[in-house]
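Heads up: the structure comes next, in structure tokens.
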Amino acid sequence: MSRLPVQIRSSAPVRSTCLVIKDLTCRLGNYIQTLLGQNNQKVMDSVTLSVPKNKKFGDLSTNAAMVLAKPLSANPQTIAEKISGHIDQRWPEVCQVDVAKPGFVNFRLKDSFIRQGLSAIIAHGKDYGKNRSGEGKTVNLEYVSSNPTGHLHIGHGRWGVLGDVLASLYAANGYQVVREYYVNDYGSQVKNFVACAASLYLDHFGQSSDYPQDGYPRQTVQKALEAVIEKHGDAFLDDGRKVDTQGLEPAVVGAMVAEIKKTLSSMGVDFDVWFKESSLYAQNHFEKTVQMLQEKGLAYSREGALWFRSQKFGDNKDRVIVRGDGQPTYFASDIMYLLHKASRGFDLLVYILGADHHGYVDRLMATSRALGLEKTRLNIIIGQLVSLIKMGQPLKMSRRKGEIYTLRDLVQEVGRDAVRYFFADSSFDTPMDFDIDLAKQKSNQNPVFYVQYVHARIESILAKLDKRYTLEDVDISAVGLDTQTEREIAKLLLFYPDEVYRGCAGNAPYFLTQYLYGLASQFHYLYNHYRIMDQHAVHWGRLGLVLLLKQVLVNGLGILGIRAPRKM
RNA sequence: GCGCUUGUAGCUCAGCUGGAUAGAGCAACGGACUUCUAAUCCGUAGGUCGGGGGUUCGAAUCCCUCCAAGCGCGCCA
């Protein structure tokens, strides 16, 4: 199989920041292993070390004693005492270890340890938060992949943002990342679209023609055609009467793809690879693949068609790959595409599919199994759909008439930052309502502005000082942790790298928006209750903390692809 | 009919590899601008976690069942 010239985005050598929570969890795990004596993965997986919801339970907390109660057949309280003693003696970064009611072990981090952790922000700057957990691994993320026969709808925007942010998260975790868009430029839908375009093309040059009965909305086709005519004129008109569809097809499809690319780019969603389905059919790939499948006993003939044995590998039925008329089905392309991706050597293949395609999961997984790919290599994410709310009412759209509120309309109306924030702020499997009026509001109702406003406020303070202070001016030993607010902020900054890790591991970009919202909330509180500077003096400890916060905010917004404005 | 996803405050959603009093934001109500941007902050109120069973020290979380919503079940892509 031929290889496409795939550029893997080269990133600067990853500077690794230590993950506090992950590191401590790992250490706790080692100790528990010695208590257990034998390997018990189920127990180990249930042990958590996390930030307790209630502040009075300290900085971090573990449920280990309660999980161990059964396998050790001992009182959780007793085990908790034992764990507590161990942590107290052996963990230098910790102080005030307590045991609480059922068997929680709670403890506090030493201020000196927090300060030491914060110094990593100064050392790593814009790389603070990155880690090496994915070093040496490559990941391919494919998302959006909308057919070039229509405009992008709101749902595509959601997949676009989720895919893009997830890709950035993978990159921040040390993976080499390829962002890929699969262009369905092959098959009957495309032919149909081109037939529509050909009809309008004739119209344009004064020939009468019949528009296909079940054709695409004229408006959509017209738009793509205009771009073609502007560029090529009547070049696809033979003898002034007949359309050269061979030539028109790539031009029209190209125009549609260009339009799609432009829309996505306007919301900061850019791809490394635009993979054409048609390229899978070059150089007899299709015939060779079919032959290979038959040789391996994965395909058989029945009723004039060629079937893939997907049921044997977990699908609920076998699927046709070659139709009775000899034409390959869309699924045939899927198989070849999966093979192609695998042959490019990616360690991880992430597919983001819309909920309207979830029927594909089983056959895709079945294909992966049939072709012998490792189970963990394929990660299929199903994203639920988006409905629009305007003036408190759902926006009804008729796609047939072409009167739909497209993604382009949304980006234009709401703006790139708000669109990205809103889409990133929900988990994949929750059907989402997008409230257009809310996203447009420049007020306290809008979380995007709330977070961005932090940056503007900090910039405003910095502008008032005698010189442009940067991270290099921060004296870590002076950074204030005296008030509870300052200490909370410091801890949040310390845990940021853990958040980047978790967001990636859980395929959950919304961890980041939530984290940043929490950070913003702490900052606004600080800002309203404590002075960072006044006419007489600067509170250097606080200014230092604020400079550190600014860096983390910028890094987090960077992963989300949202701007950090200096003025608002 | 079968499958996937969802049902948590008036609204939008976290929490769902079982853990401490179920959390945020918006909306509502009451406060804070001579002071680094009030696009902010503080306070109050708001819940039979869709219903019902079960599993156990403990269930929003796991299992069963019922109800409701969205999507999907082509030799279309």
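Below, read A as the first sequence line, B as the second, and so on, with proteins coming before strands; counting in each chain starts at 1. The structure displayed is predicted, hence computed values, not measured ones.
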Lys/Arg-Asp/Glu bridge criterion (N-O < 4.0 Å) met for A:K312, A:D318: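 Salt bridge between A:K312 and A:D318, a charged N being under 4.0 Å from a carboxylate O: no.
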
Ionic contact status for A:R108 with A:D59, cut-off 4.0 Å: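 Salt bridge between A:D59 and A:R108, a charged N being under 4.0 Å from a carboxylate O: no.
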
Looking across every strand, which nucleic acid part, if any, lies under 4.0 Å from [X] by heavy atom: base, sugar-phosphate, or nothing?
X	value
A:K191	nothing
A:S188	sugar-phosphate
A:A355	sugar-phosphate
A:F434	nothing

Looking only at N and O atoms, is any donor in the side chain of [X] or the base of [N] less than 3.5 Å from an acceptor on the other one?
X	N	answer
A:D425	B:A24	no
A:H357	B:G72	no
A:K464	B:U37	no
A:S426	B:A14	no

Taking only side-chain N and O atoms of [X], does any of them lie within less than 4.0 angstrom of OP1 or OP2 on [N]?
X	N	answer
A:R457	B:A39	no
A:T329	B:G74	no
A:K53	B:U21	no
A:Y510	B:G15	yes
A:R363	B:C73	no
A:Y450	B:U37	no

Can you check the distance between [N] and [M], where both ends of the measurement are the [atom1] atom (answer in whole Å)?
N	M	atom1	result
B:C67	B:G30	P	46 Å
B:G54	B:A60	P	15 Å
B:G47	B:C66	P	31 Å
B:G19	B:U56	C1'	12 Å
B:U5	B:A20	P	26 Å
B:A28	B:G15	P	27 Å
B:U44	B:G52	C1'	36 Å

Is the positively charged end of [X] above the ring of [Y], judged by distance under 6.0 angstrom from the centroid and angle within 45° of the axis?
X	Y	value
A:R457	A:F523	no
A:K276	A:Y186	no
A:K491	A:Y496	no

Without decimals, in angstroms, what is the distance between A:L353 CG and B:C71 P?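 Between P of B:C71 and CG of A:L353: 17 Å.
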
Roughly, in whole Å, what's the span from NE2 in A:H524 to P in B:C36?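 Roughly 16 Å, once rounded to whole Å.
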
If you take the centroid of each ring, where Trp contributes its six-membered ring, are A:Y143 and A:Y181 closer together than 6.0 Å?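 So the answer is no for these two rings.
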
Answer yes or no as to whether B:A24 has its base stacked against A:Y517, where stacking requires a ring-centre separation under 5.5 angstrom and planes under 30 degrees apart.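 No; by the centre-distance and plane-angle rule, A:Y517 does not count as stacking on B:A24.
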
Is there ring stacking between A:F104 and B:A20, where the centres must be under 5.5 angstrom apart and the planes under 30 degrees?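 So A:F104 counts as stacking on the base.
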
Is B:C33 syn or anti, taking syn as a glycosidic angle within 90° of 0?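 Here B:C33 takes the syn form, which means its glycosidic angle is within 90° of 0.
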
Side chains of A:I154 and A:F423, heavy atoms from C-beta outward: is any pair under 4.5 Å?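 In short, these two side chains touch, coming nearer than 4.5 Å.
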
Closest-nucleotide 5' rank along RNA chain B - winner of A:N106 and A:N147: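 Going by which nucleotide is closer to the 5' end, it is A:N106.
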
In terms of the nearest nucleotide of RNA chain B, which residue is placed more toward the 5' end: A:M533 or A:S427?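 Going by which nucleotide is closer to the 5' end, it is A:S427.
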
